[in-house]
Amino acid sequence: MSVSESEHVATTATAQDPFSGPDLTGHFGRFGGIFVGETLMAAVEELDRVYRQLSGDPQFWRDFDYDMAHYVGRPSPLYHAERLSEHAGGAKIILKREDLNHTGAHKINNTIGQALLAKYMGKPRIIAETGAGQHGVASATVAARLGLECHVYMGAEDVKRQAANVYRMKLLGANVVSVTSGSRTLKDAMNEALRDWATNVDNTYYIIGTVAGPHPYPMLVRDFQAIIGREAREQSLAEYGKLPDALVACVGGGSNAIGLFHPFLRDKDVAIYGVEAGGDGVETGRHAAPLSAGKPGVLHGNRTYIMSDDNGQILETHSVSAGLDYPGVGPEHAWLKDAGRANYVSVTDTEALDAFRLLTRKEGIIPALESAHAIAYAIKLAATMSPDQTVLVNLSGRGDKDIHTVAGIDGITV
Amino acid sequence: MSRISKTIAAAKQAGRKVLVPYLVAGDPDRDTTVTLMHQLVSNGADIIELGVPFSDPSSDGPVIQLGAERALRQGVGMKTVLSIVSEFRQKDDKTPIVLMGYLNPLEVMGYENFVSQASSAGVDGVLVVDLPVSEAKELLALTQPAEMDIIFLVAPTTTEKRLQGICEHSSGYLYYVSLKGVTGAAITDADSIAERVKALRERTELPVVVGFGIKDEASATSMAAISDGVIVGSALVQKIGELTDSGARDEAAVAQACELIGRLRKALDA
C-alpha cells in the first residue's frame with residue numbers, strides 16, 4: 001500500500017479544521033509549545049524549519065515510504081482476533097500488528113523518519129532516551145544502518161529491568177548510558193539526554209521517542225507514526241467495508257496512540273480510547289496516568305497533563321510496563337482530551353497482565369506489556385458492543401522483551 | 001528603578017564588577033540558607049540568585065542537581081523558598097534577590113499567585129530556565145506592573161533574531177551563558193566568549209552578567225573583565241554540599257562555605 005505524498009504534508013490548525021494542529025508556534029490549544037533552555041532554542045527552531053521544508057518535499061516521503069516497505073516490513077496487517085472476540089462476547093476485536101515490525105514495535109516508524117532528518121541535517125551523532133528499551137533499540141538500529149554514533153540514555157532502574165534490550169543496543173554499536181539521577185527511570189533519562197544535547201548541540205541530533213518534548217517533536221513524531229492510522233483506515237475499508245466503530249491504544253507518551261488516532265480524528269463516528277497505565281489503581285496514587293489523574297503543567301519542553309505534587313515537583317510513576325512509566329503525555333492527547341474528541345481511561349497492572357496471558361493463550365500472540373493495556377480495555381469495551389461492530393486495537397509491540405518481567409511475577413527465573 | 005538596576009548601576013559607578021552567587025534554597029536546610037545568604041553578602045555578594053529546587057533540572061549539571069535533591073528531601077517548595085526570602089529581608093533590604101528555577105512550580109502555583117507572593121516576600125527578579133521569551137507573555141504581563149525583573153538567558157547558540165526579542169523583554173540584567181552545556185561545566189574558549197559578550201554589550205544597554213563554568217579567581221576575573229559581573233553557582237553549591245557531608249551547620253562551617261565568594265570578591269576588586 002502506498003500513501004500519496006500530499007497526505008504527508010504538515011498543515012496548520014484552522015478554525016475550519018481543529019484537527020490539523022499544531023499552530024505555527026507549536027501549540028495544540030493551550031498545550032504544547034517550546035519550553036527549553038536558551039542553549040537549545042536555536043536547535044529546536046532549526047529542526048522546525050528543516051522539518052517544515054522537508055515534509056513538503058515528495059522525495060523525503062518517497063525515501064520514508066521505501067524504508068517503511070523494505071526495512072520495516074510495512075504495511076503491518078490487520079488481524080481479526082476471533083477467539084479473543086468470542087471471549088469478550090461482543091464486537092469484533094481487530095489487531096493492528098505493529099508487533100510484526102522490524103525490531104518488534106511501532107517505535108521504528110519514528111526512528112526511521114528522524115534518522116532521515118539527522119542525515120539531511122548532516123548530524124553525525126545521535127542521542128536518544130529510552131524506558132523499556134524499545135525506542136533505544138530502534139534508535140541504535142537506524143544508527144547502525146546509517147553509520148552514526150549513537151548514545152542511549154536509560155534510567156539505572158530500567159537498565160536492570162531490561163537487560164536483554166541493553167545488550168541488543170550494545171550489539172548494535174550504541175553506547176548505553178545508565179542514568180543514576182532522580183528516580184532513575186525514563187524521565188531522568190530524558191533529562192540527561194537534554195543535558196547531552198545542550199552540550200553537543202552542534203553535531204548531535206536528539207531522536208525523541210514519543211510525541212512529547214518541545215515543538216516540533218510532537219508534530220513530527222506524530223507524522224511519522226500516522227502511517228499506522230493511514231494504513232488501518234484503508235485496510236479497514238478494504239477488508240471490512242467500513243471504518244472501525246472504536247479505536248483503542250495504550251498511552252504512555254502516546255506515540256502509537258496518536259499514530260493510530262490521527263488519521264481518524266475527522267471521522268466523528270469513530271470512537272477513540274487511549275488507555276493509560278493504572279498501576280496499582282488510579283485511586284492509590286501509584287500509577288502513570290496523567291490524563292486520568294494529573295493536571296496541566298510543563299515538563300520536558302511542553303505544556304501538557306503531568307503528574308506533579310502541590311509544589312510542582314514531578315511525581316514518581318508506577319507501572320508494570322516500563323514503556324508507560326512516564327509522568328507526562330504528548331500535548332496533542334492533552335488537547336484531544338479537553339476537546340472531548342478522545343476518551344482516556346486506565347487499566348491496572350493486574351488487568352494488563354491478565355490480558356497479556358489471555359492474548360497469548362487465545363491467539364498465540366505474546367503482546368508487549370504496554371500493548372496489553374490496550375487489549376485489556378478493548379475486551380471490556382467489545383463486551384458492551386454488538387457483533388456487527390468492530391474495535392480496532394493497536395498491538396504496538398511484541399512481548400519478548402517482557403518475558404523476564406512476567407516470569408518474575410510468576411516467581412520463575414528465566 | 002528596580003533594586004537590581006540600582007545595585008548594578010552603583011557598582012558600575014564605583015568601577016566595580018558585580019558578584020552574584022547562586023545557591024539552592026533549602027540546601028542543606030531552610031535556616032542554614034538564610035544564614036548562608038547573609039554570609040554571602042558580608043563576603044561581597046552584590047545580588048543573590050536563589051535556586052528554587054525542582055525534581056527535573058534538565059539544564060543543570062550534577063552538582064546543582066544534588067543540591068536540589070538535598071533541598072527536596074527537606075520538602076522545600078515555593079512556600080519555603082519565599083519564607084527564606086522574607087526572613088532574609090528582615091535584616092537586609094538592600095541586596096537584590098533573583099529566584100532562579102524551572103517553570104512547573106510556577107505553573108502549579110499560578111502565575112498571579114506567584115508574582116504577588118514573591119513580590120511581597122521581597123523578590124526582585126525571576127529567571128525561569130525553561131521559559132523562553134516566546135512563551136513568557138503571560139508572566140511578563142504580571143511581572144511588569146509588579147516591578148519585578150525578568151532575566152532571560154543568552155547562550156552561545158542564540159540567534160540574532162532571538163536576541164532581539166530577549167533584549168526587548170529582559171530587565172535587570174542579561175545572563176550570558178558562557179558555554180554550550182549545563183551548569184558546572186568548564187569554560188574552554190574564553191576568547192570567543194569575549195567576542196560574543198562584546199557584541200552583546202554593543203547592542204543593548206542592559207548589564208551583562210556571565211555565568212556557567214566560573215569556579216575560581218582566574219575564571220571570575222577573565223569573565224568579569226569583559227562583562228558587568230559574574231555568577232558563581234556550582235562551585236558554591238559544591239562547598240555547601242560538603243557542609244551536609246560533614247554534618248556541620250554552625251556559623252564557622254557556613255563561613256567556610258562562603259569563603260570562596262570572599263576570595264572572588266578580592267580578586268575582582270584587585
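We name chains A, B, ... by the order of the sequence lines, and we start the count at 1 in each one. What you see is a predicted model, and the numbers here were worked out from it, not measured in a lab.
For chain A, the nearby part of B/L103 is the side chain; its heavy atoms alone come within less than 4.5 Å. Residue A/D310 touches chain B through its backbone alone, counting heavy-atom pairs closer than 4.5 Å. Heavy atoms closer than 4.5 Å to chain A are found nowhere in B/M109, neither backbone nor side chain. Contacts of B/L66 with chain A are absent, with no heavy-atom separation under 4.5 Å from either backbone or side chain. Proximity to chain A is limited to the backbone of B/V154, based on heavy atoms less than 4.5 angstrom apart. Residue contact with chain A, scored on non-hydrogen atoms closer than 4.5 Å, involves the backbone and the side chain of B/P57 alike.
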Open item on the list: Between A/I306 and B/N104, is the side-chain contact (heavy atoms from CB on, under 4.5 Å) condition met? List the steps.
Closed with: CA-CA 10 Å; A/I306 58 178; B/N104 199 51; 3.4 Å; yes
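For the atom pair CG of A/N311 and CZ of B/F54, the computed distance is 11.5 Å after rounding to the nearest 0.5 Å. If you take CG on A/L194 and OG on B/S58, they are separated by 5.0 Å, rounding to the nearest 0.5 Å. Separation of atoms CZ (A/F35) and OG (B/S134) is listed at 8.0 Å; rounding is to 0.5 Å. Atom CD of B/E69 and atom OG of A/S181 lie 7.0 Å apart (nearest 0.5 Å).
Taking chain A as the reference chain and counting heavy-atom pairs below 4.5 Å, the highest number among B/V108, B/D56, B/L131, B/T159 is found for B/D56. Note on B/V177, B/L72, B/V76: by heavy-atom pairs under 4.5 Å with chain A, the leading option is B/L72. Annotation: maximal heavy-atom pairing with chain B below 4.5 Å, among A/G297, A/G301, A/P214, occurs at A/G297. With chain B as the partner, the residue from A/D188, A/V298, A/L299 showing the most heavy-atom pairs under 4.5 Å is A/V298. Counting heavy-atom pairs closer than 4.5 Å to chain B, the top residue among A/R303, A/R195, A/H300 is A/R195. Ranked by heavy-atom pairs under 4.5 Å with chain B, the list A/V201, A/N200, A/D202 is led by A/D202.
One N or O on the side chain of A/Q313 and one on the backbone of B/S55 form a donor-acceptor pair closer than 3.5 Å. When atom types are taken as modelled, the side chain of A/T39 and the backbone of B/A155 share no donor-acceptor pair closer than 3.5 angstrom. Side chain of A/E38 to main chain of B/F152: no donor-acceptor pair is present (N/O by atom type, distance under 3.5 Å, no hydrogens or angles). Using modelled atom types, one side-chain atom of B/E135 and one backbone atom of A/I34 make a donor-acceptor pair closer than 3.5 Å.
Within a 6.0 Å sphere centred on CD of B/E138, other residues, nucleotides and ligands contribute 12 heavy atoms or fewer. Counting non-hydrogen atoms of other residues, nucleotides and ligands closer than 6.0 Å to NZ of B/K198 gives a total of 12 or fewer. No more than 12 heavy atoms of other residues, nucleotides or ligands shown are found within 6.0 angstrom of NZ on B/K239.
Here the side chains of A/E45 and B/K161 are not in contact, with every heavy-atom distance at 4.5 Å or above.
In plain terms, the two heavy atoms of B/S59 and A/G37 that are nearest each other are OG-CA, 4.2 Å.
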